[in-house]
Amino acid sequence: MAPELGKTHADEITVVTHSKVQLIAAQEFRLPAGFEGWETDAPSDAERLTEFAGRLCYLSFGDVDLGGGHKTIKGRPGGNLAYTNNILSTKHGSVLEHAQFSVLIEGVSRSLTHELVRHRAGFAFSQLSQRYVDESNIAFVLPPEIKQDTPEYESWRLTCALSLQGYRALLSNPMHKLEAEEGTKTMKLKRARQAARSVLPNAAETKIVVTGNGRAWRHFIEMRASVHADMEIRALGVAVYRLLAAEAPHLFGGMGLAQLPDGTFVVESVYTKV
Ligand SMILES: Cc1cc2nc3c(=O)[nH]c(=O)nc-3n(C[C@H](O)[C@H](O)[C@H](O)COP(=O)(O)OP(=O)(O)OC[C@H]3O[C@@H](n4cnc5c(N)ncnc54)[C@H](O)[C@@H]3O)c2cc1C
């Protein structure tokens with residue numbers, strides 16, 4: 001059976017070599033009453049919504065009769081692609097904030113998620129809790145720079161194994177069971193785990209659900225699927241780009257993959273800081 005998330009068992013520890021990123025929710029659009037005559041060739045609801053929101057600003061819905069005295073003006077030619085490209089090139093990025101996308105990210109390190117949650121604008125995060133969840137069988141994410149069957153790998157593996165040993169010892173040592181203290185069993189367990197987790201390394205594997213709007217995801221991809229970013233989060237940025245560009249190709253337009261000499265990818269963008 002193929003190992004899940006690229007996991008391999010290396011003596012005492014489970015090693016993760018590949019992350020798993022899945023799109024678990026994408027934007028839905030409902031055409032409002034009164035706009036029935038409006039049509040678009042947008043490839044996704046996300047782009048239908050952002051085009052609709054943008055067109056509302058100037059009432060550029062073409063021949064649609066809105067009633068109520070307002071006149072609509074002729075829309076920009078070229079369909080949704082030309083419309084979205086104009087938003088991107090004029091940096092009217094707030095329109096892209098209407099469209100939301102949620103991804104489930106698994107098999108990444110706590111150091112990656114520490115960098116991920118620095119993105120404050122337009123994102124919501126829900127991450128596995130090391131206080132509630134027993135990490136006695138936690139996996140460790142191998143940094144892409146460390147190749148298996150090398151002396152560096154052996155040092156890394158031993159250090160992770162030692163920290164896991166320490167974690168398990170802290171949870172099993174009666175001194176740390178906090179039995180004499182007040183509180184429910186859940187509270188005691190939470191306190192024991194929150195103390196024990198302090199010895200787990202940055203490589204500890206984690207899971208996180210991230211919801212972001214189109215503008216926020218574009219910015220994330222621009223910053224992190226870049227040659228300047230850490231290799232692990234760069235791979236995540238590339239994976240997110242692949243998912244979102246497949247879902248909403250115009251909204252994530254003006255971006256493309258470029259391969260580096262080491263065979264890994266970055267995303268290059270025509271429109272920066274939209
Ligand atoms: C290669 C690289 C190296 C890094 N190294 C370090 C490091 O050594 N140490 C470190 O601490 N961090 C580091 N960071 C993190 C970096 O400083 C940012 O915190 C992170 O990339 C989030 O970027 P952001 O603020 O643009 O994104 P978001 O928080 O998502 O914000 C998006 C945009 O919204 C606007 N915005 C958001 N909040 C505000 C606000 N309060 N006021 C005004 N405008 C706002 C800005 O235009 C911002 O670019 C690094 C990032 C990268 C990509």
Side-chain angles (χ1 to χ4, degrees), residues 18-19 21-27 46-47 49-50 53-54 57 84-105 107-128 130 141-146 198 200-204 206-245 247-248 250-274:
H18 297 100
S19 63
V21 189
Q22 300 174 76
L23 185 63
I24 58 170
Q27 187 63 52
E47 289 143 320
L49 173 61
T50 50
C57 301
T84 308
N85 279 343
N86 186 54
I87 286 173
L88 294 171
S89 63
T90 53
K91 299 189 189 293
H92 287 179
S94 63
V95 174
L96 309 182
E97 293 175 20
H98 293 291
Q100 301 268 339
F101 306 89
S102 302
V103 297
L104 166 64
I105 302 168
V108 292
S109 68
R110 292 281 295 199
S111 55
L112 180 147
T113 56
H114 183 81
E115 293 185 349
L116 176 57
V117 300
R118 292 294 302 278
H119 290 270
R120 306 151 288 176
F123 282 112
F125 304 100
S126 298
Q127 182 167 13
L128 179 154
Q130 284 187 330
V141 177
L142 183 67
E145 292 86 350
I146 299 178
S198 65
L200 292 176
N202 270 337
T206 188
K207 303 175 194 308
I208 189 166
V209 170
V210 187
T211 298
N213 67 52
R215 186 186 209 179
W217 279 121
R218 279 192 71 100
H219 182 66
F220 170 77
I221 292 165
E222 205 179 298
M223 300 291 288
R224 302 298 183 170
S226 142
V227 71
H228 304 293
D230 175 284
M231 281 182 85
E232 189 194 357
I233 200 167
R234 188 203 303 165
L236 174 70
V238 169
V240 166
Y241 166 71
R242 287 184 200 268
L243 276 180
L244 298 185
E247 174 69 22
H250 298 172
L251 209 154
F252 292 91
M255 292 178 142
L257 291 168
Q259 194 165 22
L260 300 177
D262 67 2
T264 63
F265 288 89
V266 292
V267 176
E268 292 178 343
S269 186
V270 176
Y271 310 109
T272 54
K273 238 13 198 124
V274 168

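Whatever order the structure lists ligands and atoms in, that order sets their numbers, starting from 1.
Between F123 and W217, the gap from one ring centroid to the other is short of 6.0 Å.
Assignment of K273 to the shell around ligand 1 is supported, since a heavy atom sits closer than 4.0 Å.
Distance from atom 45 (C) of ligand 1 to its nearest protein heavy atom, with residue and atom name: R120 NH2, 4.5 Å. The protein non-hydrogen atom at the shortest distance from atom 34 (O) of ligand 1 is A121 CB, 3.8 Å. Closest protein heavy atom to atom 1 (C) of ligand 1: H228 O, 3.3 Å.
No side-chain donor from either of T84 and E47 sits under 3.5 Å from a side-chain acceptor of the other. Counting only N and O atoms by type, the side chains of E222 and T272 include no donor and acceptor under 3.5 Å apart.
Distances from atom 15 (C) of ligand 1 to the protein include at least one heavy-atom value under 4.0 Å. Distance remark: protein heavy atom present below 4.0 angstrom from atom 38 (N) of ligand 1. Per-atom contact check: atom 48 (C) of ligand 1 touches the protein, criterion being a heavy-atom distance below 4.0 Å. Protein non-hydrogen atoms do reach within 4.0 Å of atom 53 (C) of ligand 1. Within the 4.0 angstrom cut-off, atom 3 (C) of ligand 1 has no protein heavy-atom neighbours. Protein heavy atoms are absent from the space less than 4.0 angstrom from atom 42 (N) of ligand 1.
With a 6.0 Å cutoff to the six-membered ring centre and a 45° limit on the axis angle, R242 counts as a cation-pi contact of F265.
The closest side-chain heavy-atom distance from T206 to V108 is below 4.5 Å. Looking at heavy atoms from C-beta onward, D262 lies in side-chain contact with M231 at the 4.5 angstrom threshold.
When R224, R215, R118, R234 are ranked by how near their heavy atoms come to atom 21 (O) of ligand 1, first place goes to R224.
Closest non-hydrogen pair, F101 versus A248, comes out as CZ-CB, 4.1 Å.
Atoms of ligand 1 lying under 4.0 Å from at least one heavy atom of H219, given by number and element, are 24 (P), 26 (O), 27 (O), 32 (C), 49 (O).
For the side-chain contact (heavy atoms from CB on, under 4.5 Å) with R224, the qualifying choice from H219, R234, E115 is E115, the only one to do so.
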